[in-house]
S.K.: 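Here's a structure for you.
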Amino acid sequence: MAYMKIATWNVNSLKVRLPHLLDWLAATRIDVVCLQETKQDDTKFPREEIEAAGYRVAFSGQKTYNGVAIVSRTPLSDVQAGIPGFEDEQRRVLAATVGGMRVVCVYIPNGQSLDSDKYRYKLRWLKALNAWLREELMRYPALVLLGDYNIAPEDRDVYDPAAWVGSVLVSEAEREQFRALLDMGLRDSFRLFEQPEKSFTWWDYRAAGFRRDLGLRIDHILLSPQLANRCVAVDIDRGPRKLERPSDHTPVVATLTAP
DNA sequence: ATGGCGCGCGCAGCGCGA
């Protein structure tokens, strides 16, 4: 295989979106996709359907909220759920080694509002993620961190920055944590390339957000330097967002040359 | 436009997402 495609997609309920996922995998031949908001207990996870499509899968789920999974055409090894040493009942992190890469799938907390306990949790969570990844990067030079970050890193990632001042997803403390990831050497793969203005990955279900293109870029693929050197393209795939009953997020796909 | 929609749970209407 000349290229490897690795993707992230917040499916907002895997139960509802499984047909979209299977169709998308068949159409795109993606090698690895990290899922967020599966919202399913591990006992309910549709492992058989995904394996029947020719993929392996690792998952860490919970009922109603959160839940992450890594779907891969090649075997997954050294699967690890959660951030070591960080007590968290919420299933938001899953890491595995795939094709010589360390793949870290994250569903970063939303935060709700700046005065919320959930926001304080988000910042604590991000600090723990940063500290952990600093070590992981030393252990795994070929590392990719991908998922729903719930952070729009810059104003150009927001359809109307003025309207979002004072909100979660754009606050300075969150963006600082995002920059801390870049400061340890990770690259925002999307910005390695020329991209259209108004490149978004999420649109509110309300107010015809997608039709009016009122979106945010909050789903990201960060690459260690070694993987950034192999990255030849990164694209947002709006296709699944145009289907009936879509997720409010759309997939992001990075294309890497074979090692 | 202060909300709007979609999801899970569970069977009414609420919490949550972003």
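These figures come from a predicted structure and were not determined experimentally. Per chain, numbering begins at 1; letters A, B, ... match sequence-line order.
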S.K.: Assuming nearest nucleotide by heavy-atom distance, tell me which of Ala207(A) and Gly111(A) is located more 5' along DNA chain B.
M.R.: Ala207(A)
S.K.: How long is the line joining CD of Glu244(A) and C1' of dG6(B), in whole Å?
M.R.: 14 Å
S.K.: Could you tell me the separation between the CZ atom of Phe178(A) and the NE2 atom of His220(A), rounded to the nearest 0.5 Å?
M.R.: 4.5 Å
S.K.: For dC7(B) and Arg17(A) - does any side-chain N or O of the residue sit under 4.0 Å from the phosphate oxygens OP1/OP2?
M.R.: yes
S.K.: Under 4.0 Å between a side-chain N/O of His249(A) and OP1 or OP2 of dA18(B), yes or no?
M.R.: yes
S.K.: In Watson-Crick or G-U wobble terms, both distances under 3.5 Å, what is the partner of dC5(B)?
M.R.: dG17(B)
S.K.: At 4.0 Å (heavy atoms only), tell me whether Tyr149(A) reaches a base, stays on the sugar-phosphate, or touches nothing.
M.R.: nothing
S.K.: Taking only the side-chain heavy atoms of Lys39(A) (C-beta and beyond), determine which of dA18(B), dG8(B), dG4(B) contains the nearest atom.
M.R.: dG8(B)
S.K.: Ile151(A) has an atom CD1; how far is it from atom C1' of dG17(B), in whole Å?
M.R.: 16 Å
S.K.: Could you tell me the separation between the OH atom of Tyr119(A) and the P atom of dC16(B), rounded to a whole number of Å?
M.R.: 19 Å
S.K.: Answer with yes or no whether Asn150(A) presents, from its side chain, a donor or acceptor under 3.5 Å of a partner atom in the base of dA18(B).
M.R.: no
S.K.: Sticking with atom P, work out how far dG15(B) lies from dG10(B), rounded to a whole angstrom.
M.R.: 15 Å
S.K.: Which part of the nucleic acid does Val16(A) contact within heavy-atom distance under 4.0 Å: base, sugar-phosphate only, or nothing?
M.R.: sugar-phosphate
S.K.: Considering every strand and a 4.0 Å limit on heavy-atom distances, what is the contact class for Asn66(A): base, sugar-phosphate, or nothing?
M.R.: nothing
S.K.: With distance as the sole test, does Tyr107(A) use its side chain to make a donor-acceptor pair with the main-chain N or O of Val68(A) at under 3.5 Å?
M.R.: no
S.K.: Please figure out whether Tyr65(A) or Arg212(A) has its closest DNA chain B nucleotide nearer the 5' end.
M.R.: Arg212(A)
S.K.: For dT2(B) and dC14(B), measure between their P atoms and round to the nearest Å.
M.R.: 22 Å
S.K.: Tell me: CD of Gln40(A) to P of dC7(B), nearest whole Å?
M.R.: 13 Å
S.K.: When the distance from OH of Tyr159(A) to C1' of dA18(B) is rounded to whole Å, what number comes out?
M.R.: 10 Å
S.K.: Hey, mind stepping through Asp235(A) and Lys5(A) against salt bridge (charged side-chain N to carboxylate O under 4.0 Å, His left out) and telling me if it holds?
M.R.: CA-CA 11 Å; Asp235(A) 298 290; Lys5(A) 287 183 182 289; 5.9 Å; no
S.K.: Look at all strands and tell whether Asp148(A) reaches a base, only sugar-phosphate, or nothing, counting heavy atoms closer than 4.0 Å.
M.R.: sugar-phosphate
S.K.: At what distance, to the nearest 0.5 angstrom, does CG of Leu143(A) lie from CE of Met101(A)?
M.R.: 9.5 Å
S.K.: Could you tell me how far apart Asp204(A) (CG) and dA18(B) (C1') are, to the nearest whole angstrom?
M.R.: 7 Å
S.K.: Looking at CG of Leu222(A) and CG of Leu227(A), how far apart are the two atoms once the value is rounded to the nearest 0.5 Å?
M.R.: 11.5 Å
S.K.: Answer yes or no: does a side-chain N or O of Arg245(A) lie under 4.0 Å from OP1 or OP2 of dC7(B)?
M.R.: yes
S.K.: Check the distance between dA18(B)'s P and Glu37(A)'s CD and give it to me in whole angstrom.
M.R.: 5 Å
S.K.: Nearest of dA18(B), dC16(B), dG8(B) to any side-chain atom of Asn110(A)?
M.R.: dA18(B)
S.K.: dG4(B) and dG13(B): how far apart are their P atoms, nearest whole angstrom?
M.R.: 16 Å
S.K.: Within the structure shown, what part of the strands sits under 4.0 Å from Lys118(A) by heavy-atom distance: base, sugar-phosphate, or nothing?
M.R.: sugar-phosphate
S.K.: Return the minimal non-hydrogen interatomic distance between Thr28(A) and Trp24(A), and the atom names on each side.
M.R.: OG1-O, 2.6 Å
S.K.: What is the distance, rounded to the nearest whole Å, between atom CG of Leu169(A) and atom C1' of dA18(B)?
M.R.: 5 Å
